[in-house]
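This chain uses plain numbering: 1 for the first residue, then up along the sequence.
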Amino acid sequence: MTSTDLPLAEEIAEQVHPAHPEDPKVFAERLRLFGQGCLILELTGQPVGYAIAHPWVLDRPPKLNTLLQHLPGEPDTLFIHDLALLSGARGRGHAAEAVRLMVRKAVLSRLPTLSLVAVGTSPAFWRCQGFVPLPDEAIQNSLGSYGLGARYMVRRL
């Protein structure tokens with residue numbers, strides 16, 4: 001992903017996550033802080049999805065639609081901020097490939113885990129990718145900005 005892709009990623013986000021809007025500044029900041037964790041998926045020259053991840057601290061998921069300011073000095077997880085595909089791009093293995101790329105980025109960054117907040121019906125997908133819900137009730141209770149049913153999930157490498 002480059003800065004010229006940001007408006008396209010924002011359009012995809014509006015379509016895929018209408019119940020979880022985020023300020024464009026959030027996307028721009030993630031790209032600036034950890035560009036290697038920001039991916040855009042194009043099919044036949046058209047953007048149809050994106051993934052955004054960054055180093056973070058396990059068990060402390062950032063609130064939705066919040067600027068980070070900076071990355072932590074001693075991260076221990078690659079936090080997958082978002083993975084979004086337009087409906088026409090789903091069911092073709094693109095999301096699983098994005099997860100494989102994120103796992104590779106975590107390994108190269110020497111981060112022992114990947115983590116995320118799953119919303120809606122996505123926990124089933126994330127379970128298939130090796131993520132498990134963290135049973136810590138305090139963490140689950142801190143996910144209010146993500147909406148009801150949000151689950152903090154972790155994959156250990």
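In this structure, the side chains of L78 and T113 stay at 4.5 Å or more apart for every pair of heavy atoms. Looking at V154 and F131, their side chains never come closer than 4.5 Å, going by heavy atoms from C-beta outward. Annotation: side chain of Y50 is not in contact with side chain of D5 (no heavy-atom distance under 4.5 Å). Within the 4.5 Å cutoff, the side chain of R151 has no heavy atoms near those of the V132 side chain. When side chains are defined from C-beta on, F125 counts as touching V99, because their heavy atoms get closer than 4.5 Å.
For the pair S122 (side chain) and V119 (backbone), a donor-acceptor distance under 3.5 Å is present. The closest donor-acceptor contact from the side chain of N65 to the backbone of V26 lies at 3.5 Å or more, if one exists at all.
Checking H20 against D82 by side-chain atom types alone, no donor-acceptor pair falls below 3.5 Å. Between the side chains of T4 and T2, at least one donor N or O sits under 3.5 Å from an acceptor N or O. A donor-acceptor contact under 3.5 angstrom links the side chains of H81 and E22, judged on distance only.
Partners of L101 by side chain to side chain contact (heavy atoms under 4.5 Å, CB included), not counting sequence neighbours, listed by chain and number: L39, E97, R104.
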How far apart are the C-alpha atoms of R30 and L68, what are their side-chain angles, what is the distance that settles it, and do they pass the side chain to side chain contact (heavy atoms under 4.5 Å, CB included) test?
-> CA-CA 8 Å; R30 299 309 195 270; L68 303 176; 3.6 Å; yes
Test side chain to side chain contact (heavy atoms under 4.5 Å, CB included) applied to V57 and F79, step by step | CA-CA 8 Å; V57 178; F79 183 79; over 6 Å; no
Stepwise, does the side chain to side chain contact (heavy atoms under 4.5 Å, CB included) test hold for I12 with V48?
-> CA-CA 7 Å; I12 293 168; V48 295; 5.7 Å; no
Hey, mind stepping through Y152 and S115 against side chain to side chain contact (heavy atoms under 4.5 Å, CB included) and telling me if it holds?
-> CA-CA 7 Å; Y152 184 66; S115 59; 3.4 Å; yes
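The minimum heavy-atom distance linking M153 with A118 is given by the pair SD-CB, 3.6 Å. Heavy-atom minimum distance, T66 versus E29: O-OE1, 4.4 Å.
Linking Ile, Leu, Val, Met, Phe, Trp and Tyr whenever their side-chain heavy atoms come within less than 4.5 Å puts L83 and L64 in one cluster.
Enclosure of atom CG in L108 by more than 12 non-hydrogen atoms of other residues, nucleotides or ligands within 6.0 angstrom is indicated.
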